[in-house]
Peer 1: 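Can you keep this structure in mind? I'll have questions shortly.
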Amino acid sequence: MSRWLIFLYIIPFCGRCNSWSAREVIHQLNHDQRLQLNIYLDCKDVELQIGQEVSNLLVNSAEEQMKILGRFSSHSLIIACFKNSTRDQTLNGVKELLWGLQYLPMLFVVETNMDFYFQQAISQGFIHVLALNLGNGSLYTYKPYPKVEIHKIEDMSKFYELTKLRNLQGQVVRISVETMTPRCFRYRNRQGELVYAGYMYRMVKEFIETYNGTEEHVFGNVDTIPYKEGLTALKNGEIDMMPRIIHDLQWYYFYRSRILYNIKTYIMVPWAEPLSKSLYFIQPFRSTVWVTIMVSFVYASIVIWWIRYRLLGNSSLSRSFMDVLQLLFQLPGSSIWHFNMGTHQVLSFMILFIVGFMLTNLYTAQLSSYLTTGLFKSQINTFDDLFREKRTLLVESFDAEVLHNMTTSKIIQKEFESIILVTSIEEVFKHRKSLNTSYAYEAYEDRIAFELSQQMYLRVPIFKTLEEVYDQRPVFVALRHGLPYVELFNKYLRRIYESGIWIKLQEDSFLEGITSGEISFRKSQSREIKIFDKDFYFFAYILLGMGWCVSTIAFFSERWRFKCSVSIDLKK
């Protein structure tokens, strides 16, 4: 009995080795890869015995131009039926159908000429391809590198093994090497050798070296590729990968790798200018405190003068001013009148002494703190501050277009359009890298961190970053359409990001920026500046002059009052 069962199992297995049916292949792929959808392209007139184990979708390339991406499940199997008369039309239909999903499994149902279909498959980036010859039931697949090798499939496990890409076998990978710090830039080292650096470039380079590819530079002599020219080169297949962050607004020009995260765009603004040292004397307190002190001083002087006048019959207003001033500033008194002129005088003395003690010590402490840290004009901390100060935001033409689209969509404030200045991208790079304080700049956070790293050893920074987010975009590597190793690159990219190597490459790019001279550490000049210079005492001289003027006026007032009182006595 057991021998009979073994014989029954061997018969279909032997038959399968010699001949495959389309239904058998489709069933095997659905089962092994747990697919959810079968899409039949141009298979209306072909007898395939369509099964019902998963959902089916019939598509005609002559009538419909649809894409799977974003509309149907990506766990799909594509069955394309080719006829000699319409094979180019069907191939174009497969290309449109699989836009952005070239790595999906495919079954080509063909009549003859396997070489043609596999050459077309590699040119469009299709790797997991099976070709079934309906005439004899033979099943084939291919290995793409170093050249197309066709293999006959007798067991489906062989198909999975052959189409699992592990090695580029010296395949040329064309990448752009424009200067987009800190993602990609170049410089000559001390030996005069041309060195390419940047965290995205290093990441792409490591991928090429790890998987045995050949690196080839495109636009090698161009510092900055014009945006539209770069997109056109991607669309035409002149560039395989671009190690830079690119806008996804026009991504029909290219395909993208796996999105890693959303990078934010910030605005960097000049740090507030230092306040003139002549104003340090009045900065410890607000204007209301100074007014309160002056009113209290005048009021106390007049009250004490009046009490003295009522008790002694004569009194000097100037003397009262000086006594109050001595008490407020903790100076030694010239007399001890407060002990022998009644309770009112003692009470006035105690109040002025306590208030003067608090004011003097508080003023001294704050002034010492300001002299240590320095004082600055009002900082720009928000977008509203930026608009109020009317700071010019320097942008290039493409960023100006993006800004206009965002203001139109009410993503950001419309006031931005009134402060922008549009110039060339070279000018923006030059002014931003040199930290020119004449303008404010917008940039992705990695570039702002790169260029502001020049301030690492400054006591007072030159620029600061506003905390409000100006914009944000997804981070990915721009790829050309139909790149065969997209799936391999995405797995590599995910491992690089999750392992923390991505962050390490970013930090290394900052150091390489210093080594290359792309940026340089700024030196603080604070030790060479003298705090107690003539400028510092300028306001003190003004206060002294005002005191002299007030005392002179008081002196002449008393002289006039004395003469008036003498003349009145003489008349009597």
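As the structure is a prediction and not an experimental result, all values here were calculated from the model.
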Peer 1: Which class fits the ring pair Phe285 and Tyr363: parallel under 30°, tilted 30 to 60°, perpendicular over 60°?
Peer 2: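 Tilted: the ring planes of Phe285 and Tyr363 meet at 30° to 60°.
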Peer 1: Please examine the side chains of Ile412 and Asp471, heavy atoms only from C-beta on, and report whether any two atoms are closer than 4.5 Å.
Peer 2: no
Peer 1: Just checking Lys67: does its NZ atom have more than 12 heavy atoms from other residues, nucleotides or ligands closer to it than 6.0 angstrom?
Peer 2: yes
Peer 1: Between Tyr255 and Arg480, which heavy-atom pair has the shortest distance, and what is it?
Peer 2: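 What the structure gives for the nearest pair is CB-O, 4.3 Å.
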Peer 1: State, yes or no, whether a side-chain contact exists between Tyr441 and Thr392 at a heavy-atom distance under 4.5 Å.
Peer 2: no
Peer 1: Is Arg388 salt-bridged to Asp384, going by a charged N under 4.0 Å from an acidic O?
Peer 2: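 Salt bridge: no.
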Peer 1: Return the orientation label for the Phe207 and Tyr492 ring planes: parallel under 30°, perpendicular over 60°, tilted otherwise.
Peer 2: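 Phe207 vs Tyr492 ring planes: tilted.
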Peer 1: Without hydrogens or angle criteria, can the side chains of Lys464 and Asn381 be said to hold a donor-acceptor pair below 3.5 Å?
Peer 2: yes
Peer 1: Show your working on salt bridge (charged side-chain N to carboxylate O under 4.0 Å, His left out) between Lys377 and Glu273 and close with a plain yes or no.
Peer 2: CA-CA 6 Å; Lys377 297 180 181 179; Glu273 297 178 0; 3.4 Å; yes
Peer 1: Could you check Val298, Thr292, Val291, Ile293 and say which one makes a side chain to side chain contact (heavy atoms under 4.5 Å, CB included) with Val295?
Peer 2: Val291
Peer 1: Would you confirm whether the ring centroid of Tyr187 sits within less than 6.0 angstrom of the ring centroid of Tyr196?
Peer 2: no
Peer 1: Side-chain donor-acceptor pair under 3.5 Å between Glu518 and Thr181, yes or no?
Peer 2: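 No, no side-chain donor-acceptor pair sits under 3.5 Å.
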Peer 1: Hey, can you tell me if Trp271 and Phe376 have their rings parallel, tilted or perpendicular (30° and 60° cut-offs)?
Peer 2: perpendicular
Peer 1: Got Leu511 and Ile514 here, is their nearest side-chain heavy-atom distance under 4.5 Å?
Peer 2: no
Peer 1: Which pair of heavy atoms, one from Ser378 and one from Ala272, lies closest together, and at what distance?
Peer 2: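 Residues Ser378 and Ala272, closest heavy atoms: O-CB, 3.8 Å.
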Peer 1: With the threshold set at 4.0 Å, does a side-chain nitrogen-carboxylate oxygen contact exist between Lys433 and Glu451?
Peer 2: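 No salt bridge links Lys433 with Glu451.
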Peer 1: Donor-acceptor check, side chain of Gln454 to backbone of Ile519, threshold 3.5 angstrom: yes or no?
Peer 2: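 Not confirmed, Gln454 side chain does not pair with Ile519 backbone.
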Peer 1: Please enumerate all residues that pass salt bridge (Lys or Arg N to Asp or Glu O under 4.0 Å) together with Arg183, with sequence neighbours excluded.
Peer 2: Asp446
Peer 1: Go through Ile419 and Arg391 one step at a time and tell me if the side-chain contact (heavy atoms from CB on, under 4.5 Å) criterion holds.
Peer 2: CA-CA 7 Å; Ile419 64 170; Arg391 281 284 184 178; 5.8 Å; no
Peer 1: Ignoring hydrogens and geometry, is there a side-chain-to-backbone donor-acceptor pair from Thr360 to Phe357 under 3.5 Å?
Peer 2: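 Between the backbone of Phe357 and the side chain of Thr360 there is no qualifying donor-acceptor contact (under 3.5 Å).
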Peer 1: Heavy-atom count around Leu544 CG within 6.0 Å, excluding the residue itself: above 12?
Peer 2: yes
Peer 1: Checking side chain to side chain contact (heavy atoms under 4.5 Å, CB included) between Glu396 and each of Thr423, Thr224, Ile425, which is the one that passes?
Peer 2: Ile425
Peer 1: Between Tyr439 and His431, is the ring centroid distance below 6.0 Å?
Peer 2: yes
Peer 1: So, for Phe185 and Ser509, which heavy atoms are closest and what is the spacing to 0.1 Å?
Peer 2: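 Nearest pair, atom of Phe185 first, then Ser509: CZ-O, 4.0 Å.
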Peer 1: Output yes when a side-chain donor or acceptor of Ser409 lies under 3.5 Å from a complementary backbone atom of Met406, and no otherwise.
Peer 2: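 Looks like no, no N/O pair under 3.5 Å.
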Peer 1: Do Ile263 and Gln472 have side chains that get closer than 4.5 Å, going by heavy atoms?
Peer 2: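 Side chain of Ile263 against side chain of Gln472, heavy atoms only: no contact under 4.5 Å found.
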Peer 1: Is any side-chain heavy atom of Thr437 less than 4.5 Å from a side-chain heavy atom of Ile462?
Peer 2: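 Touching, per the 4.5 Å side-chain cut-off.
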Peer 1: Which atom pair, heavy atoms only, marks the closest approach of Ala400 to Val422?
Peer 2: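 That would be CB-CG2, 3.7 Å.
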Peer 1: Count the heavy atoms of every other residue, nucleotide or ligand shown that sit under 6.0 Å from CH2 of Trp306, and state whether that count exceeds 12.
Peer 2: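 Atom CH2 in Trp306 is not crowded, with 12 or fewer foreign heavy atoms closer than 6.0 Å.
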Peer 1: Any side-chain heavy atom of Phe416 within less than 4.5 Å of one from Phe387?
Peer 2: yes
Peer 1: Given side chains that start at C-beta, do those of Arg258 and Val477 come closer than 4.5 Å, heavy atoms only?
Peer 2: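 No. Closest side-chain heavy atoms not under 4.5 Å.
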Peer 1: Report the relative orientation of the aromatic rings in Trp502 and Tyr497; use parallel for angles under 30°, tilted for 30 to 60°, perpendicular for over 60°.
Peer 2: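 Rings of Trp502 and Tyr497: perpendicular, over 60°.
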Peer 1: Test side-chain hydrogen bond (donor to acceptor under 3.5 Å, both in side chains) on Thr407 and Glu417; report intermediate values, then the result.
Peer 2: CA-CA 8 Å; Thr407 55; Glu417 296 205 36; 2.6 Å; yes
Peer 1: Heavy-atom count check: over 12 atoms from other residues, nucleotides or ligands less than 6.0 Å from Asn221 CG?
Peer 2: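 Count not over threshold, so no.
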Peer 1: For Leu375, does its backbone N or O pair with a side-chain atom of Gln283 as donor and acceptor, under 3.5 Å?
Peer 2: no
Peer 1: Please evaluate residues Lys205 and Glu215 with respect to the criterion salt bridge (charged side-chain N to carboxylate O under 4.0 Å, His left out), reporting the C-alpha separation (whole Å), side-chain torsions for both, the decisive distance (0.1 Å), and the verdict.
Peer 2: CA-CA 7 Å; Lys205 181 180 178 62; Glu215 180 180 350; 3.2 Å; yes
Peer 1: Is the closest side-chain heavy-atom distance between Thr179 and Arg186 below 4.5 Å?
Peer 2: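 Yes; the side chains approach each other to less than 4.5 Å.
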Peer 1: Closest heavy-atom contact between Glu467 and Tyr266?
Peer 2: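 Shortest heavy-atom separation between Glu467 and Tyr266 comes out as O-CE2, 3.6 Å.
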Peer 1: Where do Asp508 and Lys504 come nearest, in terms of heavy atoms and distance?
Peer 2: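 Closest heavy-atom pair between Asp508 and Lys504: OD2-NZ, 2.8 Å.
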Peer 1: Does Glu238 come within less than 4.0 Å of Arg174, counting only side-chain N to carboxylate O?
Peer 2: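 Looking at Glu238 and Arg174, the cut-off is not met.
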Peer 1: Taking NZ, NE, NH1 and NH2 as the nitrogens, is one of them in Glu178 or Arg244 under 4.0 Å from a carboxylate oxygen of the other?
Peer 2: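 Answer for the salt bridge query: yes.
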Peer 1: Can a side-chain donor-acceptor contact be found between Asn436 and Ser438 if the only test is distance below 3.5 angstrom?
Peer 2: yes
Peer 1: Salt-bridge test for Lys430 and Glu427: reply yes if a basic N is under 4.0 Å from a carboxylate O, no otherwise.
Peer 2: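 Result for this pair is yes, salt bridge flagged.
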